[in-house]
Amino acid sequence: MSFHKIFSGLGINDFLSFIGVLLIIYITQYYYKYFTRVNPLPGPLPFPFVGNLPQFMLYKVSTREFFGAYQKKYGDLYEVYLGARRIILSRAEDTDKLLMPSTKSHYMTRLPYMQGLEEIGMMGKGLILNHNLKSWRFNRQFFTQAILSPKFSQEAIVMTNKMFLEMEDYWDRLYLKEEVIKKNKNVLDVASWLSRFTNDVIVALTTGERSYTMAGYFNDQGEEKTDHPPAIVEDSERFVKSLRSHFDSLIMFMFVNPFIRHYIPFFKGKSDESLRNAKFLYDKVDSIIKRRREKIENTPLDKPLPHDMLTSVITANTPRDINYTKTVGGESMDRPMTDLEIRHIMFDTFIGGTDTTANLISFIVYYLAHYPDVKRKVVEEIDRVFQDDKTRPITEKDLNQFKYIDAVIKEVDRVFPVSNMLQRYGTAPDEIAGYKWPSGTMFQVNAISIHKSKDYWEDPETFNPDRWMVEGFEPKKNSFIMFGGGLRVCPGRKLAMIELVALMALIYRKYDFDLVNMEAPLQVKSGIISACTQLLVKVKSRN
Ligand code: HEM
């Protein structure tokens, strides 16, 4: 008898009973597997299909709150189910193997293959989410070559100076006129300005093209408009909004079961919208790459090219490349990058380079407002280096002198890390944190708790940049992981520090900020990184 004949004889109640039986079998099997899992650790009880997603939603989809609450409840070692079983580690010594800087490491990837990331076009591409080691090595080689070149660093300083001048022109016009100050209307949202600032810097450094998101924000603040054509400004705004929503949507594609994303109305709507948004972004970045390729092809070989990242990765392993690379990790890689590879390198730069830096600067502004002694020392250092010159551009030589600013940046990230968690995926059986784990185990390193652990930090709750100024001070191994560790360590860390130090020095050389609400805690939305949603300050000139 065929299946068709069996089912055609059944009524609706039979179907419902059949589905009910299937569900009971599934749930029984799910919890059987859960209660007989290897190395059961404490952690919130997961639910079939959704794991700990309901609890995550209960904590307002905030990774800071969610992991913070369970850290308090279960301690340094526990597990959660978000997409897959994750082992949460909060002791620096347990992360030794995960962050080992060696190609022999079993933890060279952050994630396994994930269907959701494939669906949104991010799996096995670029660096951040790339689980394919051959492709990752190839991309990382050219990413690093481009971003660490001295000419790129120089360009980063020039661009930071240039964009700062633009931002301060907007501030002068909006907030620093006498009548505005008199009316107490010199209030700005630092978080919004800085996210646009870093965006415009990163887009320029990455693509060699301008974006106008600061201009767009200026246009939104009042009657006065910038001279930039409105269509170009709107285009930039749309691009950035789209990038942000793409970044936000990745969590759903990573953690939410495909069945839910494809068939449950709320999630399906969100998922379809995210896919449309990703297509818009990919087309946009592809057209930038195409334009640049044509420009490079039309430039004679003996003429110099600009130092932006896009030019560098397009020309990598071509006759234009002075570092012509024949092998990467012993494998022959003597080919240039494809447009698809370049697209995702660009993407990683936008994702890795904008919100991280912008949010950390916002956190710094918040901490300096709460710690006037620290701010005073920052300002003293700035005045010493600039010799009270309030207008000259900042130089590479200046940057090396800002030791205290460097300490403040690290201390702010210690007490309030931008990147809350590091992820590693084990590709071989191994012993971690005293347990033997099978291949395929996901580990998550909790930067928030490691940075605040009494085991590694003296007086960890106290915000004290001076701890970094003590001669010969080095944090204990893996106890400060602002930029991660091992071979997947942040390749943008040099650029990040250039931008952070330069921007802090430029801002506090001329301006001072008071928080509008000294009592309010930092307002953050916490996903893969912690993002400052708003930071209202009163700005004044330092005269
Ligand atoms: C304050 C600024 C920044 C912070 C706190 C930060 C932090 C991090 C962290 C924690 C990681 C993970 C490392 C690991 O898993 O071990 C990472 C990876 C990465 N970051 Fe950054 N980052 C910053 C700025 C930047 C900038 C400016 C760029 C590029 C322009 C960038 C690009 C990347 C990329 C591409 C990766 C992935 C590396 C790989 O998988 O090989 N980051 N970053």
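Computed over heavy atoms, backbone and side chain alike; hydrogens, waters and symmetry mates excluded. Note that ligands are numbered from 1 as they come in the structure, with each ligand's atoms numbered from 1 the same way. Only a predicted model underlies this, so the values are computations on that prediction, with no experimental measurement involved.
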> For the ring pair His246 and Phe350, is the centre-to-centre distance below 6.0 Å?
Replying inline: no
>> Out of all atoms in ligand 1, which are within 4.0 Å of some heavy atom of Ile147? Include the element for each.
In response: 29 (C), 30 (C)
>> Would you say the rings of Trp468 and Phe480 are close, in the sense that their centroids are separated by under 6.0 Å?
In response: yes
> Where on Leu127 is there a heavy atom closer than 4.0 Å to ligand 1, on the side chain, on the backbone, on both, or on neither?
Replying inline: both
> How does Arg424 reach ligand 1, if at all, at less than 4.0 Å between non-hydrogen atoms: by side chain, backbone, both, or neither?
Replying inline: side chain
> Which residue owns the protein heavy atom closest to atom 13 (C) of ligand 1, what's the atom, and how far is it?
Replying inline: Arg488 O, 3.2 Å
>> What I want to find out is whether Lys454 reaches Asp459 closely enough, with some N-O distance under 4.0 Å, to be called a salt bridge.
In response: no
> Mind checking whether Arg110 has a heavy atom under 4.0 Å from ligand 1?
Replying inline: yes
>> Only heavy atoms of Trp136, strictly under 4.0 Å: list the atoms of ligand 1 that pass.
In response: 39 (C), 40 (O), 41 (O)
> By number and element, which atoms of ligand 1 are closer than 4.0 Å to a non-hydrogen atom of Gly485?
Replying inline: 16 (O)
>> Less than 3.5 Å apart, any donor N or O on the side chain of Gln145 or Ser312 sitting next to an acceptor on the other?
In response: no
>> Among all the protein's non-hydrogen atoms, which is closest to atom 37 (C) of ligand 1, and how far away is it?
In response: Ile128 CG1, 3.5 Å
> What residue and heavy atom of the protein are closest to atom 30 (C) of ligand 1, and at what distance?
Replying inline: Thr349 CG2, 3.3 Å
> Any Lys/Arg nitrogen of Glu411 or Arg467 sitting under 4.0 Å from an Asp/Glu carboxylate oxygen of the other?
Replying inline: yes
> Are Asp512 and Lys375 within salt-bridge range, i.e. N to O under 4.0 Å?
Replying inline: yes
> For the residue pair Tyr170 and Tyr217, is the inter-centroid distance of their aromatic rings smaller than 6.0 Å?
Replying inline: no
> Would you call Glu461 and Lys452 a salt bridge, using N to O less than 4.0 angstrom?
Replying inline: yes
> Counting each atom of ligand 1 from 1 as listed, which ones have a heavy atom of Arg140 under 4.0 Å away?
Replying inline: 38 (C), 39 (C), 41 (O)
> Do the charged groups of Arg196 and Glu166 touch, with an N to O distance under 4.0 Å?
Replying inline: no
>> Considering atom 21 (Fe) of ligand 1, could you give the total of protein N/O/S atoms lying closer than 2.8 Å?
In response: 1
>> Distance under 4.0 Å to a non-hydrogen atom of Met482: what atoms of ligand 1 satisfy this?
In response: 5 (C), 7 (C), 10 (C)
> Is the closest heavy atom of Met497 to ligand 1 under 4.0 Å?
Replying inline: no
> Should Asp339 and Lys290 count as an ion pair when the cut-off is N to O under 4.0 Å?
Replying inline: no
>> One thing to verify: whether Asp248 and Arg244 come together as a salt bridge, which I'm taking to mean a side-chain N less than 4.0 angstrom from a carboxylate O.
In response: no
> Taking atom types as modelled and ignoring hydrogens, do the side chains of Ser195 and Asp355 form a donor-acceptor contact shorter than 3.5 angstrom?
Replying inline: no
>> Taking only non-hydrogen atoms of Ile409, do any sit less than 4.0 angstrom from ligand 1?
In response: no
